[in-house]
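Read through the structure below, which is laid out as structure tokens, and then see the notes.
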Amino acid sequence: MGQSLIDWFGLEGYRTIWWRNGQSAIDGLATAKPDIVLCDIRLPDMTGEDILREAGPAIGRTPVVFITGFGDVAQAVRLMQSGAADYVTKPFDIEILMRRVEALIAPRWCMTEGWSLGQSPAIIEVERVIRRIASLDSTVLLQGPSGSGKEVAARLLHALGARAQLPLLAVNCASIPKDLLESEMFGHERGAFTGAHQRHEGHAERVQGGTLFLDEVSELPPDMQAKLLRLIEDRTFRRVGGDRLLPFRARLVAATNADLRERISKGLFREDLYFRLAVIVVDIPPLKSRVDDIVPLARRFVAEFAEVFDSRVRGLTPSAEEHLSSHDFPGNIRELRNRIERAVALCDLEWIGTADLFPETVPHVRGHAGRELSLAEAREAAERRVIVAALAATDGDVDLAADRLQVSRSTLFAKIKKLGVRS
């Protein structure tokens, strides 16, 4: 079975290490840094439980999946309560195992090939375009709703191009006061205005030959639109108060969440500037049209914030992932990231539940009055609490817990898996 798994993972593009007994695994995990560990419960020299106990510090947050026969399922459940990510029973469908491994490895992506922006067809097509145009110097306009990932796309465009080792400067045109915008963009000479005590280099100069990313370019006032047009056409600029023309060597990438053609029709945006910016237009789709990306992005953010906060959080319950996939996300990726950050920061369990992600839908769980908990949410929360308490009271013995709960062993296993009970 080990050789068969090695062959399958190789075909899928994974790099593998095969330790044939427990001691080899413990020794190897001291130096290797795998992205996932698959382990049989019964090994020639020890059990999988021994490995989890001995190599726990080295394994850290790396997900561990145990492979077990039916007779060892109770031990597998205890291992999950001790921190294992999942278990599969022999015989198993290799395709199901591969999908489970891919889901667990998503936050620690380490395949030979993969997509940086996401895995949904819509965003893969965006990335294909970005990869094709990365080596060009043409001006690029990124269009998409707020929070959809336009700056991430701009950074990928920069990283894939010949300017990757040069600076990338991101400027939010809406966040700079209008009276400071020209000075921030082009710099100023000493004495150019009151308070200008020394020469200041602006973004157009400091970016050197890198990439200048102008976010929310639709918010530029008319006088700055004219100056930006001249920068693009002449590839030169002057500092405020200066008389010397300076070369502009950077690539320009702009982004907007507004309909620039509509703003042109209302006289709010210059049409000639639009055509200069829109040499290559890339539309970034909203998250609601990229449902396949929601859970992988959520897992990636969970891993990121768990490390930043040194949190005990390991992941999301299946129910939480289902709710994420069905949410409309009007705030797009920014909303998803913020929800995950708040959940990781406040969750006191190892697995983030629906109430942690969407407290506004279950306010009384968090002590807020007003709206009632949905029947499905109430049932799920109650069942999870009772199962966790029963397992704790029986020291993880599923048979005894099933007796206490007056359900069959198979029913309890199904509930454990559905509710993501890990502690």
Above 12 or not: heavy atoms from other molecules or residues under 6.0 Å from [atom1] of [X]?
X: Arg53; atom1: CZ; result: yes
X: Arg249; atom1: CZ; result: no
X: Gln406; atom1: CD; result: no
X: Glu307; atom1: CD; result: no

Measuring from [X]:[atom1] to [Y]:[atom2], what's the distance to the nearest 0.5 Å?
X: Asn257; Y: Glu219; atom1: CG; atom2: CD; answer: 7.5 Å
X: Arg235; Y: Ile232; atom1: CZ; atom2: CD1; answer: 8.5 Å
X: Trp351; Y: Leu316; atom1: CH2; atom2: CG; answer: 8.5 Å
X: Arg206; Y: Leu212; atom1: CZ; atom2: CG; answer: 9.5 Å
X: Ser138; Y: Arg251; atom1: OG; atom2: CZ; answer: 6.5 Å
X: Leu405; Y: Leu400; atom1: CG; atom2: CG; answer: 11.0 Å

Quick one: sort the Phe248 and Phe237 rings into parallel, tilted or perpendicular, breaks at 30° and 60°. perpendicular
Using the six-membered ring wherever Trp is involved, compare the ring planes of Phe305 and Phe301 and label them parallel, tilted or perpendicular (cut-offs 30° and 60°). tilted
Less than 4.5 Å apart, any side-chain heavy atom of [X] and any of [Y]?
X: Glu151; Y: Arg155; result: yes
X: Leu157; Y: Thr211; result: no
X: Val291; Y: Ser120; result: no
X: Leu29; Y: Pro34; result: yes
X: Glu304; Y: Val344; result: no
X: Glu205; Y: Phe186; result: no
X: Phe9; Y: Val101; result: yes
X: Ser146; Y: Asn332; result: no

Assess whether side-chain contact (heavy atoms from CB on, under 4.5 Å) is satisfied between Trp19 and Ile26, documenting all intermediate values. CA-CA 9 Å; Trp19 294 303; Ile26 292 172; over 6 Å; no
For a side-chain contact (heavy atoms from CB on, under 4.5 Å) check, start with the C-alpha distance between Glu233 and Asp272, then their side-chain angles and the critical distance, and finish with the verdict. CA-CA 11 Å; Glu233 290 181 337; Asp272 49 1; 5.7 Å; no
Should the pair Glu127-Arg131 be classified as a salt bridge under the 4.0 Å nitrogen-to-oxygen rule? yes
Is any NZ, NE, NH1 or NH2 atom of the basic residue among Glu335 and Arg339 found under 4.0 Å from an Asp or Glu carboxylate oxygen of the other? yes
Minimum heavy-atom separation for [X] to [Y], with atom names?
X: Glu216; Y: Asn172; result: OE2-ND2, 3.2 Å
X: Ser326; Y: His323; result: OG-O, 3.1 Å
X: His200; Y: Ser183; result: CD2-O, 3.6 Å
X: His158; Y: Pro167; result: CE1-O, 3.5 Å
X: Ile67; Y: Met1; result: CG2-CE, 4.1 Å
X: Ile284; Y: Ser148; result: CG2-O, 3.5 Å

With distance as the sole test, does [X] use its side chain to make a donor-acceptor pair with the main-chain N or O of [Y] at under 3.5 Å?
X: Lys150; Y: Leu141; value: no
X: Gln225; Y: Leu268; value: yes
X: Arg163; Y: Gly209; value: yes

Output all residues satisfying side chain to side chain contact (heavy atoms under 4.5 Å, CB included) with Asn21, sequence neighbours left out; order by chain, then residue number. Gln23, Ser24, Pro44, Asp45
Using the rule given for side chain to side chain donor-acceptor pair (under 3.5 Å), can you reason through Thr47 versus Asp50, listing the C-alpha separation, both sets of side-chain angles and the distance that settles it, and then say yes or no? CA-CA 5 Å; Thr47 68; Asp50 296 327; 3.2 Å; yes
So Phe269 and Leu277, side-chain contact (heavy atoms from CB on, under 4.5 Å) or not? Walk me through it. CA-CA 12 Å; Phe269 200 82; Leu277 292 173; 4.0 Å; yes
Indicate whether the side chain of Asp292 and that of Gln119 have a donor and an acceptor atom separated by less than 3.5 Å. no
Go through the steps for Glu262 and Lys266 under the test salt bridge (Lys or Arg N to Asp or Glu O under 4.0 Å), then give the verdict. CA-CA 6 Å; Glu262 181 181 350; Lys266 295 179 178 179; 3.1 Å; yes
Report the C-alpha distance between Arg290 and Ile294 in whole Å, list the side-chain angles of each, state the deciding distance to 0.1 Å, and finish with yes or no for side-chain contact (heavy atoms from CB on, under 4.5 Å). CA-CA 7 Å; Arg290 300 163 47 188; Ile294 293 175; over 6 Å; no
